[in-house]
S.K.: 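Following this message is one structure expressed as structure tokens.
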Amino acid sequence: MKASKIAYKPVGFVLGAVSGMAARAVFNKTWKMLGHEDDAPDATDEERAWGEILLATALQGAIFSVVKAAVDRAGATAVRRLTGTWPG
């Protein structure tokens, strides 16, 4: 394993936590805007329909993936600017 990859591990860990928090905030705001509710349904919520639960889950997964990829890419780009080496 390259030294730059090992050195990037703590940075990647922090970026992962930040991206998770950011994705949650984006999802909550999006769900509130689309569903006019404060909370998205849980999979075990008996009063919610299958379609609503699956839509919420798919939307949450898509938002999480996009935010994580954007944060990871921005972090790797910043590391390359600072060190001259791509961390992957």
S.K.: Give the table of side-chain donor-acceptor pairs shorter than 3.5 Å for residues 13-30, with sequence neighbours excluded, one pair per line with atom names and distance.
M.R.:
unit_1	atom_1	unit_2	atom_2	d
Ser19	OG	Leu15	O	3.3
Ser19	OG	Gly16	O	2.9
Asn28	ND2	Arg24	O	3.4
Thr30	OG1	Val26	O	2.8

S.K.: To the nearest 0.5 Å, what is the distance between CG on Asp38 and NZ on Lys32?
M.R.: 4.5 Å
S.K.: In chain order, what residues pass the side chain to side chain contact (heavy atoms under 4.5 Å, CB included) check against Thr77, with sequence neighbours excluded?
M.R.: Arg73, Arg81, Trp86
S.K.: Could you tell me which non-hydrogen atom of Leu59 sits nearest to which non-hydrogen atom of Trp31, and how far apart they are?
M.R.: CD2-CE3, 4.2 Å
S.K.: The criterion is side chain to side chain donor-acceptor pair (under 3.5 Å); which residues satisfy it with Asp72, sequence neighbours excluded?
M.R.: Lys68
S.K.: With sequence neighbours excluded, tell me which residues meet salt bridge (Lys or Arg N to Asp or Glu O under 4.0 Å) with Arg48.
M.R.: Glu37, Asp45, Glu52
S.K.: Among Ile, Leu, Val, Met, Phe, Trp and Tyr joined by side-chain contacts under 4.5 Å, find the other residues sharing a cluster with Trp50 and list them by chain and number.
M.R.: Leu54
S.K.: Considering non-hydrogen atoms only, spot the tightest contact between Ala56 and Pro41 and give its length.
M.R.: CB-CD, 3.8 Å
S.K.: Applying salt bridge (charged side-chain N to carboxylate O under 4.0 Å, His left out) as the test, list every pair that has at least one member in residues 55-67; sequence neighbours left out.
M.R.: none
